[in-house]
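Quick note: numbers below take in every heavy atom, side chains included, and nothing from hydrogens, waters or symmetry partners.
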There are 2 protein chains.
Amino acid sequence: MEITSRSAQLIAYETIREKIINGAFPGGMKLVEVQLAEEIGVSRTPIREAIRRLEQEGLIKRKKVIKPSEKDLRHMFQMRTLIESHAAKMAATYMSEKRIVQLRSSIHLAQRSNTEGTVKANKEFHDLIVQECRNPIMIETVDKMQSIIYLFSKTVVVHERPLLLEEHMKICDAIEQRKPELASSLMEEHLKADLEFTLNIVE
Amino acid sequence: MEITSRSAQLIAYETIREKIINGAFPGGMKLVEVQLAEEIGVSRTPIREAIRRLEQEGLIKRKKVIKPSEKDLRHMFQMRTLIESHAAKMAATYMSEKRIVQLRSSIHLAQRSNTEGTVKANKEFHDLIVQECRNPIMIETVDKMQSIIYLFSKTVVVHERPLLLEEHMKICDAIEQRKPELASSLMEEHLKADLEFTLNIVE
DNA sequence: GTTTTCTGACTTGTATACATTATTTAACTC
DNA sequence: GAGTTAAATAATGTATACAAGTCAGAAAAC
């Protein structure tokens, strides 16, 4: 069997998404169907569908690439905090030993990687915890917001926040020691610090 | 100026949505583009867009009308609980006196209405509290799930749960007396009871 | 009788032409 | 020169034809 050629729609979706994420399409930019169609080499139809999809994902709003305001960011972090602190509580209660090992190794990986690797390992840390809420709706919600937050802090260079790893370690400890309330409130503080840092970078 | 004629897409969206909600398109039903196009009297293009939109809204999944499982329902209620108990806490802290009056009157309205009015008034109660989280993302998330939950419990006749109004009153009291933690945990229990009732109706 | 493969109908995906709406610009009035 | 309006232009919305893919049922093989 051959590689099934990706559909025009998928190509369009991935191309546009990529360009938004890596900054080629900056925040606020108006997306015009015919232009994109030419550029990507498909007709307008799949472009439209791709745009709808990205609209749903929150990366496009009324044909414009989103440019989240400080307020938007706060709202997203609030939502994340609600879910992730809940997830941390669940993790402290139910996470398997094996998973905890994985969690700890994501911290170690972050310590000895280059910038890109660190970013990835830190995302892994959060993802592992979020998984423990075992609720697909919550997981998807966090995922969606992470893309947008990432986009936002990516337009600026990726900075590494000083105390980040220490905080991850403390959270990991709390989970390992089966202290749900502690894990939850540590996560809350962690995300709060993250938000403030993100906002400070920008201005 | 005349009434601006609604776009084909809007007509398609509203028509299909309505039919899903009122049960004309039952859970699991396959939606075929050409059929809908003929039935509604527009071309396939706006039908597709309408379907995408409803897919995003969660009412359609892979061209089929959703039929949420018990597990899905539990997940949605969990997410709602997280947000609404947070909102209740916020309400107890910040809700204006004027709004609290509105809240109480939604309870009274529910007491002396017919079935349909009661359902509406009870939704109003929850909406008023959810508003107090002042976070558009959370508000939208709850909205989306409410449609689906409503759809689910609507296919069965609308039952009225015995203690529902008493619970609403207690929550309202807690908010009025500015007891955030109490309001929050009452809301949590309230939704838990609601879920169990909903699940019991069905089987 | 069961499984497999082929055929054809049905459905969705894509391109494109045309219609409608929104936006820009240019001219004109004051 | 500011503001208004009309025309031109561009962009999106809609219909439709055609392509590609999917699926069900009939025919064939075992």
| According to the interplanar angle, ranging from 0 to 90°, do the rings of A:His190 and A:His126 count as parallel (below 30°), tilted (30 to 60°) or perpendicular (above 60°)? | parallel

| query | What residue pairs, at least two apart or across chains, pass salt bridge (charged side-chain N to carboxylate O under 4.0 Å, His left out) with a residue in residues 23-45 of chain A? | reply | A:Lys19-A:Glu39, A:Glu33-A:Arg44, A:Glu33-A:Arg48, A:Glu33-A:Lys63

| task | Go through the structure and list residues passing side chain to side chain contact (heavy atoms under 4.5 Å, CB included) with A:Val101, not counting sequence neighbours. | result | none

| said: What is the separation between atom CZ on B:Arg48 and atom C1' on D:dA15, rounded to the nearest whole Å? | reply: 13 Å

| task | List in numerical order all residues of residues 38-47 of chain B for which some heavy atom is under 4.0 Å away from an atom belonging to DNA chain D. | result | B:Val42, B:Ser43, B:Arg44, B:Thr45, B:Pro46

| Between C:dT23 atom P and A:Arg62 atom CZ, what is the distance in whole Å? | 11 Å

| query | For atom NZ of B:Lys170, is the number of surrounding heavy atoms from other residues, nucleotides or ligands below 6.0 Å larger than 12? | reply | no

| query | Dot-bracket, DNA chain D: Watson-Crick or G-U, under 3.5 angstrom, [ ] crossing, | other strand? | reply | ||||||||||||||||||||||||||||||

| message | If you only use heavy atoms from C-beta on, which nucleotide in D:dA11, D:dT14, C:dT14 is closest to the side chain of A:Gln9? | response | C:dT14

| message | Could you tell me how far apart B:Gln35 (CD) and C:dT11 (P) are, to the nearest whole angstrom? | response | 6 Å

| request: In whole angstrom, give the distance that lies between atom CD1 of A:Ile51 and atom P of D:dA11. | output: 12 Å

| Within a radius of less than 6.0 Å around CZ of A:Arg104, do more than 12 heavy atoms belonging to other residues, nucleotides or ligands occur? | yes

| query | Going by an N to O cut-off under 4.0 Å, is there a salt bridge joining A:Glu70 and A:Arg74? | reply | yes

| What's the CG-C1' distance between B:Leu10 and D:dT14, to the nearest Å? | 14 Å

| request: Give the rounded distance in Å between these two atoms: NZ of B:Lys63 and C1' of C:dC10. | output: 14 Å

| Residues forming a side chain to side chain contact (heavy atoms under 4.5 Å, CB included) with B:Arg178, sequence neighbours excluded | B:Met95, B:Glu97, B:Ile100

| Between atom NZ in A:Lys30 and atom P in D:dA10, what is the gap in whole Å? | 13 Å

| Partner of B:Arg161 by salt bridge (Lys or Arg N to Asp or Glu O under 4.0 Å), out of B:Glu166, B:Glu167, B:Glu196 | B:Glu167

| query | Between atom CD in B:Glu33 and atom C1' in C:dC10, what is the gap in whole Å? | reply | 12 Å

| message | So B:Leu31, base contact, sugar-phosphate only, or nothing? Heavy-atom distance under 4.0 Å. | response | sugar-phosphate

| task | Indicate, with a heavy-atom threshold strictly under 4.0 Å, whether A:Glu49 touches base, sugar-phosphate, or nothing. | result | nothing

| Where at least one partner belongs to residues 62-105 of chain B, residue pairs that pass ring pair (Phe, Tyr, Trp, His ring centres under 6.0 Å), sequence neighbours excluded | none

